[in-house]
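Working notes, beginning with the structure itself.
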Amino acid sequence: MMHRMDRSVYMDYAATTPVDPRVTDAMLPYLTEHFGNPNSLYTLGRDAYRALESARESIAAGVGAQPQELVFTGCGTESDNSALIGISQMAAERKSRRHIVVSAFEHHAVLHPAEWLAKNGFDLTIVSPRADGVVHPGDLRAALRDDTALVSVMAANNEIGTIQPLAELAEAAHERGALFHTDAVQALGKIPFDVSEVGVDAASFSAHKIYGPKGAGVLYLKKGTPFRPLLMGGGQEFKKRSGTQNVAGAVAFAKALELMLAEQADEAERLSALRDRVVGGVLDGIANTRLNGTGPKLPGYANLIMLGCEGESMLLQLDSKGIAVSTGSACSSGSLEPSHVLLAIGCPAEEAHGSLRVTLGRFTTDEDVDRFLEVLPPIVERLRSMNPLYERMYGA
Amino acid sequence: MMHRMDRSVYMDYAATTPVDPRVTDAMLPYLTEHFGNPNSLYTLGRDAYRALESARESIAAGVGAQPQELVFTGCGTESDNSALIGISQMAAERKSRRHIVVSAFEHHAVLHPAEWLAKNGFDLTIVSPRADGVVHPGDLRAALRDDTALVSVMAANNEIGTIQPLAELAEAAHERGALFHTDAVQALGKIPFDVSEVGVDAASFSAHKIYGPKGAGVLYLKKGTPFRPLLMGGGQEFKKRSGTQNVAGAVAFAKALELMLAEQADEAERLSALRDRVVGGVLDGIANTRLNGTGPKLPGYANLIMLGCEGESMLLQLDSKGIAVSTGSACSSGSLEPSHVLLAIGCPAEEAHGSLRVTLGRFTTDEDVDRFLEVLPPIVERLRSMNPLYERMYGA
Amino acid sequence: MYSEKVMEHFNNPHNVGVIEDADGVGEVGNPVCGDVMKITIKVDDDRLTDIKFQTLGCGAAIATSSIITEMARGKTLEDAARITKQEVADELGGLPPAKMHCSVLATDGLKVAIDDYLTQHGREPLGEPLISSDPNFDPHAETHDDACDL
Amino acid sequence: MYSEKVMEHFNNPHNVGVIEDADGVGEVGNPVCGDVMKITIKVDDDRLTDIKFQTLGCGAAIATSSIITEMARGKTLEDAARITKQEVADELGGLPPAKMHCSVLATDGLKVAIDDYLTQHGREPLGEPLISSDPNFDPHAETHDDACDL
Ligand SMILES: Cc1ncc(COP(=O)(O)O)c(C=O)c1O
Ligand SMILES: Cc1ncc(COP(=O)(O)O)c(C=O)c1O
């Protein structure tokens with residue numbers, strides 16, 4: 001029997017979030033009473049259709065888009081894949097542009113389709129973020145070509161939380177006639193984000209990062225953006241994504257975003273303060289620790305390095321005390337290479353293995369932070385004492 | 001103000017179904033308490049992972065597959081697209097087979113990817129079903145070639161409900177070294193269906209047709225079937241479908257299938273009897289009506305032609321009396337061509353415009369059928385009286 | 001999908017029927033395409049004094065048929081023949097884009113009936129001659145892409 | 001993910017530490033790859049009388065280190081050096097496939113320590129020589145595809 005704490009402390013909001021009870025309440029009727037297919041003509045179907053469309057309007061208003069510019073998808077990954085493949089292939093067909101650019105620390109949902117395109121007729125350039133965790137517009141400019149079809153840089157990084165200068169990046173792309181997509185899965189609702197202000201052509205979102213359900217995504221496609229659908233069939237979603245729409249998921253997404261926006265300013269302040277306590281507590285309280293990424297960050301995000309510890313061990317030890325965090329250590333993923341994000345910002349592999357990603361959210365309390373700061377130091381100490389190299393590498 | 005009935009009668013179970021309360025109960029905890037990301041290593045994540053995997057095992061047992069042969073997807077359409085494109089492209093790469101065969105009355109989620117493949121390096125042969133609504137194995141044999149990569153024929157048709165001789169069709173494909181996929185979205189749970197008994201290499205399923213939520217699909221891929229993923233990213237689902245898994249959706253799917261299988265025999269009998277009442281009532285009670293598809297059918301499915309009526313009008317009139325059915329008339333879809341399914345089985349266009357699809361399900365009662373049989377005849381009569389050609393074309 | 005006014009006219013269409021001693025008759029559409037309209041008119045002093053219709057078709061086809069009889073009654077033949085499909089749609093509070101072709105059925109039907117009256121009286125028809133009984137006649141052909149091409 | 005036994009050994013690893021007057025020392029792995037193991041042994045009459053380890057690494061790395069000290073203690077050098085990674089994994093109630101390489105760390109570490117003892121005493125080493133201090137040494141290289149290739 002494992003010794004477990006009564007109180008569990010969730011600090012991995014970047015991985016996923018619980019569905020907010022207000023969101024569950026909003027979506028439930030669309031599973032049960034209002035279960036109609038939104039493509040059906042009778043009352044039950046039209047009710048579902050109206051719910052779907054008002055969810056679309058509400059999300060559109062929330063991100064500064066027109067309702068017809070939003071496509072409901074099955075997840076953030078589908079939004080990313082559709083944007084990368086659908087836009088690039090159509091831009092290639094229409095304008096013979098066959099070059100794409102992505103940043104090195106994109107989520108794999110962007111990187112892998114980009115690599116797939118590179119094997120299927122496209123040239124791919126990968127731009128590195130700098131050590132601050134930011135893709136610098138000048139670096140993007142240097143990567144652009146006259147035949148660049150699409151640039152994809154995320155709005156905020158999922159591991160280190162750094163916010164990207166989207167408006168400048170999009171402008172750089174547009175100067176060369178390229179389209180610009182951003183993976184805004186992590187940024188949505190946490191910081192102001194308006195597609196028309198930043199001037200992106202496409203953006204990806206996912207419900208389960210903002211207290212909505214898993215399996216509900218949105219793709220913003222600016223009017224007129226060349227696109228071919230990834231999923232073909234019944235022609236739903238303005239023929240841009242076939243498949244019976246997940247009405248409950250769409251309603252949930254809209255409600256979740258509405259709550260994020262209503263609470264954004266307060267939450268940003270509250271979570272930044274909590275994050276500062278986490279970071280301060282770790283850096284001041286534990287020797288040989290440091291913070292990754294110096295650029296501006298999403299509220300509540302901290303990526304910390306505990307030199308001489310391995311991430312998965314820390315994670316499991318914290319879990320046995322009821323604390324949930326994640327790590328960029330390779331071992332947690334079953335591969336051997338540590339997080340491509342940390343490597344991309346120049347973090348040496350041996351340090352990246354000792355990373356902890358701590359991401360706070362709606363239900364994080366001061367007591368959670370207290371508990372984390374109480375539990376972590378002895379774990380780090382114990383693991384370091386078991387590390388045959390610790391004294392040699394990091395000893396005083 | 002529209003005059004509405006208190007009691008509404010849903011007879012479009014083939015379009016979608018309400019989520020069974022037992023399914024809602026099963027899935028809810030995975031939205032709220034057990035919200036972890038199944039790819040996270042800590043307890044909360046492992047709990048979600050276990051739920052996901054036990055859902056997979058349960059569904060696998062239900063369809064005669066191994067758990068690792070099932071991939072959770074975002075909908076039936078995604079399963080179909082993934083199978084058609086993922087298998088064909090990989091089979092082409094590995095075995096230089098560049099020919100595919102699909103039936104003419106497949107769902108568009110199969111037809112459109114097939115047509116897309118035909119524009120992207122493949123030859124496509126379309127096999128017609130016969131007037132009985134069945135694809136005859138001999139007709140498939142005649143379409144096969146030595147370089148056929150994939151054959152896709154649905155397990156049961158969504159508009160006329162006819163059940164296809166899958167085992168013979170799959171055998172015919174295999175004889176020529178081709179792989180066989182079936183869209184079993186409509187058949188699942190309603191008739192015995194076992195992937196290893198029928199010997200298919202791939203099969204598509206969707207939760208919302210079996211009293212589960214919209215936005216949750218499954219793709220069966222027999223071990224060793226060549227495949228490239230449509231959605232690339234985090235490498236979830238054995239690298240066959242990236243994207244954070246919809247754990248609640250998977251749990252719901254498993255529960256929904258469990259209930260379908262437990263009640264299958266009884267429901268088949270009950271729904272067949274109700275369907276016979278519908279069909280008998282219409283054919284006996286209304287002149288110039290007929291039934292589409294003489295082959296064996298899914299329980300509860302009837303596709304009726306009311307000569308001299310247009311489908312959408314009937315549908316809307318029925319709706320104003322609280323009855324929900326669908327039609328294969330073009331006008332309901334915004335295109336002008338009536339249902340490709342009805343045309344494929346040789347139904348003339350002018351008759352197809354007068355089709356009503358009546359599909360009964362778990363919550364259909366005897367009273368529902370009574371009400372339908374009471375309400376329909378005057379509607380048909382009235383519409384015929386407004387049809388300038390009725391007497392000329394169908395008058396006694 | 002449909003406006004309230006469309007549903008009103010669909011559920012309770014005005015002027016359904018056939019004028020037995022009509023002065024003009026128009027029949028357009030094609031059952032293969034799923035919609036057929038027959039319109040009969042009474043004319044007095046170049047004004048439409050009565051109009052009746054019969055329509056096989058979808059909700060929009062029936063509603064546009066119904067509303068055009070209301071819009072045209074009392075108008076001169078010339079004014080009535082000038083009613084556009086957009087005016088018909090507007091009068092109904094709009095139509096879904098996919099259904100705009102249905103208002104062509106109504107305006108075409110009316111024009112054919114008026115021209116029938118004019119030619120019967122040895123006068124010049126107002127529109128281009130429409131051959132309503134041709135089974136290959138397609139009133140939609142100009143108005144959208146995916147025309148009925150069976 | 002991990003079996004109960006793995007978690008037990010991970011949470012309460014046996015024989016952690018360094019034998020100060022060890023008869024043999026083995027150190028394998030590489031911090032760049034995220035796992036390093038150091039093993040110290042006492043030998044009496046060609047039998048392992050004491051073993052201690054220190055490991056930097058994931059849960060599986062620590063658990064396999066812990067269990068191999070238990071498995072090897074009391075065995076002859078030859079028997080101990082013959083413990084396979086599969087035996088280590090089995091003893092723990094199995095390891096996730098992606099973690100199988102961790103049991104190589106443990107078996108290799110033990111072999112290096114035994115060979116260190118043997119060579120110190122002028123005897124033939126049992127295994128192929130492993131150069132544990134080479135920063136490019138990769139104990140995983142043979143065992144799976146996506147090896148640490150930084
Ligand atoms: C036979 C068939 N295949 C595929 C689908 C598509 O499934 P989904 O709506 O889950 O995308 C449906 C239903 O819409 C169907 O009836
Ligand atoms: C930046 C980013 N993009 C894309 C995704 C994928 O979203 P989903 O899990 O909904 O497929 C995630 C999270 O998993 C993410 O953090």
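Each chain gets a letter, A, B and so on, in the order the sequences are listed, and its residues count up from 1. No experiment lies behind these values; they were computed from the predicted model shown.
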Mind running side-chain contact (heavy atoms from CB on, under 4.5 Å) on A/L124 and A/K119 for me, showing each step along the way? CA-CA 9 Å; A/L124 168 64; A/K119 279 189 212 136; over 6 Å; no

Backbone N/O of [Y] and side chain of [X]: donor-acceptor pair under 3.5 Å:
X: B/E106; Y: B/L111; answer: no
X: A/E310; Y: A/S313; answer: yes
X: A/R357; Y: A/N158; answer: yes
X: B/T77; Y: B/A109; answer: no

Looking at chain B, which one of A/H107, A/Q236, A/H208, A/H108 has the largest number of heavy-atom pairs inside 4.5 Å, strictly under? A/H108

Find the one option among A/S40, A/G74, A/A252, A/C75 whose heavy-atom pairs under 4.5 Å with chain B are most numerous. A/C75

Using non-hydrogen atoms only, which part of [X] is less than 4.5 Å away from chain A: side chain, backbone, both, or neither?
X: B/L231; result: both
X: B/V325; result: backbone
X: B/S242; result: both
X: B/L84; result: neither

Go through the atoms of [X] and report whether side chain, backbone, both or neither lie under 4.5 Å from a heavy atom of chain B.
X: A/E115; value: neither
X: A/I85; value: side chain
X: A/L316; value: side chain
X: A/A324; value: both
X: A/N81; value: side chain

How many angstroms lie between atom [atom1] of [X] and atom [atom2] of [Y], to the nearest 0.5 angstrom?
X: A/S206; Y: A/Q186; atom1: OG; atom2: CD; value: 9.0 Å
X: A/Q245; Y: A/F72; atom1: CD; atom2: CZ; value: 8.5 Å
X: A/I210; Y: A/L259; atom1: CD1; atom2: CG; value: 9.0 Å

Sort by residue number and list every residue of residues 212-219 of chain A having at least one heavy atom under 4.5 Å from chain B. A/P213, A/K214, A/G215

Which residues from residues 10-17 of chain A are near chain B, with near meaning under 4.5 Å between non-hydrogen atoms? A/Y10, A/D12, A/A15, A/T16, A/T17

Begin from the C-alpha positions of B/I323 and B/R371 and carry the test side-chain contact (heavy atoms from CB on, under 4.5 Å) through to its verdict. CA-CA 9 Å; B/I323 296 176; B/R371 175 105 188 111; 4.0 Å; yes

Highest number of heavy-atom pairs under 4.5 Å with chain A: which of [options]?
options: B/T24, B/D20, B/N37; value: B/N37
options: B/Y211, B/F35, B/W116; value: B/F35
options: B/P18, B/G45, B/G36, B/G243; value: B/P18

salt_bridge(B/R46, A/D319) N-O dist < 4.0 Å: yes

Can you list the steps and then say if B/D47 with B/R50 is a salt bridge (charged side-chain N to carboxylate O under 4.0 Å, His left out)? CA-CA 5 Å; B/D47 288 348; B/R50 260 189 297 269; 2.9 Å; yes

Step through the shown structure and confirm whether more than 12 heavy atoms of other residues, nucleotides or ligands are within 6.0 Å of OH on A/Y49. no

Indicate whether any N or O donor in one side chain lies under 3.5 Å from an N or O acceptor in the other, for B/N120 and B/Q89. no

If we count only N and O atoms by modelled type, under 3.5 Å, do the side chains of B/S329 and B/E312 hold a donor and an acceptor together? no

Non-hydrogen atoms of [X] and [Y] that approach each other most closely:
X: B/T73; Y: B/S79; value: OG1-OG, 2.9 Å
X: B/S326; Y: B/L315; value: CA-CD1, 3.8 Å
X: A/A250; Y: A/A55; value: O-CB, 3.5 Å
X: A/G76; Y: A/V185; value: CA-CG2, 4.3 Å

Of A/S82, A/S204, A/S88, the residue whose pairing with A/H181 passes side-chain hydrogen bond (donor to acceptor under 3.5 Å, both in side chains): A/S204

Which residues from residues 26-34 of chain B are near chain A, with near meaning under 4.5 Å between non-hydrogen atoms? B/M27, B/L28, B/L31, B/T32

Salt bridge (Lys or Arg N to Asp or Glu O under 4.0 Å) contacts in which one or both residues fall within residues 73-85 of chain A, not counting sequence neighbours: A/E78-A/R241

